[in-house]
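Report on the structure given below.
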Amino acid sequence: MNGFLYDIKRTLSGKFTIIVVILLVLVTAATAYGAGISSDTADPAHTDIVLPYINDTNGVIHVSDYIINGYGQPVSGLSVTSSILNIVFHDSGRDVITSNTSMSENGYANFTFNDKNLTGFIYKYYPYYKNGVPEQLSSQSQIVYEHDTMNQFQTTYFPAYPSYNVCFNDSTVPVYAVLLKDKSNPSQVNTMVYVPYINSSINNQPLYISDNITSSPVYGVTMHKVMPNYAKDGPNSGAFIYTTHLTTEDLDKYVNIYITNKTGAMVIPNISYMYTYVKPGVALQDGLALYFGILLIPILGIFSAYFYYGKDKASGVLESIIARPITKGKVMISRFTGNSVSFLIGLLISFGLADIILEHYTGIYISAGTFTAMFLGYLVEAIAFAGIMYLITQFEKTQGEILGTGIALLFILGFMWTIVSGAILFLLRLTSKTSFLKDLLIIDSISPSYFPDIISDYHLGVYSTVSASSVGINIYSVVLIGLAWVLIPSLLALYFARKRD
Amino acid sequence: MITITNLTKSFKNFKAVNNLNMEINNGEILGLAGLNGAGKSTTIRATAGIIFPTSGSIMVDNLDIVKDKANASKHIGWVPELPNFEPDAKPIPLLKYYAGLYGIKPDDAEKDIVELMKKFDIYPYKNRKLRYYSQGMKKRFSLIAAMVGNPDNFLFDETLNGLDPQGVREVRDLIIELRKQGKSILLSSHILSELQNVADRIAIMKNGAIIKIITREELRSLGATGIKVHVKNPNGKIIDILSSFGEAGSDGYYYIIKNKAGADPSELNEELVRANYKVDYISMDNETLEDYFLNMVK
Ligand SMILES: Nc1ncnc2c1ncn2[C@@H]1O[C@H](COP(=O)(O)OP(=O)(O)O)[C@@H](O)[C@H]1O
Ligand SMILES: [Mg+2]
């Protein structure tokens, strides 16, 4: 049998590999499950949002509900139930004048009734439907029509999607601002501005939409004269979708959406919501970062190297192979390849399964970029830890010594590295923030357990609180650090494996 | 053929092998005798390419074990003092993997392996992991492992040591059979008499160097019988009679006649009785190889 194949097969079928791979798979799957169920389960495709427009002309009330799904697409075939109540309150409650169910078609569900000379009425409806079933909120939303004026008492809930804000700016025509999902990019939040098409002052002027991101919420802004992103030409009528470009940097900050006229006067109160949504892949990555990179992967790398090389070298098992027509260097390369391939396969199984789980719960796969960053990060880390162990093994004689050093490595370069790096930074007494971050990055690069973070920082473009590129994380530095971790320990180990007994 | 020239192997400052020269010819069994720590295993391990010589050269069939390791190793079968194999491997896949390193095709390898395992009586345990092999089974496996690739040179490190009498005979027969095939064989032992009946020459090693090489002839005379006699009425003349049978001496109680091949105790008895000596003890006596050996290496 080919030596490499034999070693790969032996490493893969080894008890330790199997145990650790199972552990990796379980942990990854559990984390993916956690990320999946706690991520937004709003399921935009099956969420319907009802945006009513009511028009009372000559004693006839026309209701036209515009119905869109969570992506802002018009919905057909939703059965919408609403009722009209007399505004006059009796002891027994309000008279229900009519209750109606209407099927939506191309986004619209219409119905008409006679106002019977009421002084006012209440249009009571369900603003959200899930899989065709109305969401039972604390109370149904109501639009109140009294003395030719519309008003809304709406059960809104921020920051969760879906939500919307509405204002009857000129007493009759509503302007809706609806938060929506982006079909092509789950981490983005879109805002739809919807103005029913009717002839009125509101749609005789262009509307403007703008946004800004603040670290605390913005309440009750009525005028937004200073328009940081002023402005996007809004619609005269109909629906217009505006995308707020959000990055991981914006996580947990407040996104404020302003709908104004051209003078900057707010047409409806601003929407302010907290941006908490992350891509499931990123959520998985964050979850794994807690123990994967600093504990499981170091264990995998260190102890695989111990069980499939260090132990054999110290116990003399390796000699039974070295006595054959093969050199010490080749034996080491073969074992190291066996280890690396087992890491590769273990991680592929883990992340493949995680991907399937996330897809099941969120409907989206981990993006190729996140998958690659995660996979390469942990693969490089495992190989680096194995390489360091291979190197140490060249200088130590007994299994106990090797194992002891391995455990020490796990502590120092693994889960205690934050403390170690913190201590180093403290000793350096850095004051400036950027240089602090740069030094932190340099110290992080000294432990392979932080490589997955670095590659993910590169992928997301953020390092701590600043942009990744500002501290020098770019494609060159990431590739360089990765290659260094893969090659330097293993090549040094190879050099000594060939030179020493 | 193995040629070791000026081999020195140091561990830190300690010279385990010191400027050793040795040649093992084709069709020859060279015994390597020495007390524990003499440097036998170190010499053998360097020859097997396991450890690097500090200086000197080791040629196996004219291939340098250091500079041309992979090729030279094809010519060497090593049976280590303490066999140590992958504990979780099963014998056949492991031996096939070894065979692969010699460039032997898996099918051919398997045929030979099965044959060898049958010959060495471990075929019934082919499905057992090596971890569960007994010491004797491991030794047998180790012999088979050394024969993979049918090398022309063998290094047996204390292989007879610790075997039961039947095992000793089997290994001895194997070694002799290998010699017949023209292989060169190095067999080490810390017990010289173990080598007595197999080795063509015995190199005696002390403190990392060879202090003497005993040839087959010397070996025979070393192993030759002497005669030990006691008479009730000794006198000065008895030495004359004894001397005609060999080199005569006394240890104070017995007379001892040494170093003459073919000396016959019954003839001596007859002579002594004829001369009116009252012989109350006469026997063959070995100056054992071991006494000789111990005297030399102490
Ligand atoms: N790897 C090693 N490191 C240090 N000393 C060693 C090593 N191997 C052998 N020695 C020493 O070299 C000497 C010769 O050992 P060895 O060749 O095993 O002797 P023998 O096989 O003749 O009993 C001994 O003193 C032994 O302790
Ligand atoms: Mg020895």
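A, B, ... follow the sequence lines: proteins, then strands. Residue 1 opens every chain. Atom set for the values below is all heavy atoms of this structure, side chains included, hydrogens, waters and symmetry mates excluded.
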Below 4.0 angstrom, N of the basic side chain to O of the carboxylate: do [X] and [Y] qualify?
X        : Y        : answer
B/Glu86  : B/Lys129 : no
B/Glu177 : B/Lys119 : yes
B/Lys96  : B/Glu110 : yes
A/Asp312 : A/Arg335 : yes
B/Lys40  : B/Glu81  : no

#### Entry: Flag for B/Lys183-B/Asn150: side-chain donor and acceptor within less than 3.5 Å
yes
### Message
Please determine whether ring-ring contact (aromatic ring centres under 6.0 Å, His included) holds for the pair A/Phe336 and A/Tyr309, giving the CA-CA distance in whole Å, both sets of side-chain angles, and the decisive distance to 0.1 Å.
### Response
CA-CA 8 Å; A/Phe336 191 70; A/Tyr309 183 74; 8.9 Å; no
#### Entry: Structural part of A/Lys328 lying under 4.5 Å from a heavy atom of chain B
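Contact with chain B: side chain only.
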### Message
Which residues in residues 337-355 of chain A have any heavy atom closer than 4.5 Å to a heavy atom of chain B?
### Response
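Residues qualifying by a heavy atom under 4.5 Å from chain B are absent, so none.
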### Message
Checking an interface table here. Which of residues 392-409 of chain A come within a heavy-atom distance under 4.5 Å of chain B?
### Response
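Within residues 392-409 of chain A, near chain B: nothing under 4.5 Å.
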### Query
What do you reckon, are the aromatic ring centroids of A/Phe292 and A/Tyr378 less than 6.0 Å apart?
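Yes; A/Tyr378 has its ring centre under 6.0 Å from that of A/Phe292.
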### Message
Using only atom types and a distance under 3.5 Å, with no angle test, would you say the side chain of B/Asp152 pairs donor to acceptor with the backbone of B/His75?
### Response
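Not a single qualifying donor-acceptor pair exists.
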#### Entry: Backbone N/O of B/Tyr98 and side chain of A/Arg324: donor-acceptor pair under 3.5 Å
no
#### Entry: Axial cation check for B/Tyr123 ring with B/Lys118, 6.0 Å and 45° limits
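B/Lys118 over B/Tyr123 ring: yes.
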### Query
Of all of B/Leu94, B/Leu155, B/Val148, B/Leu82, which one pairs up most often with chain A through heavy atoms under 4.5 Å apart?
B/Leu94
### Query
Any idea which of B/Gly49, B/Ala48, B/Pro80, B/Ala145 has the most non-hydrogen atom pairs under 4.5 angstrom with chain A?
B/Ala145
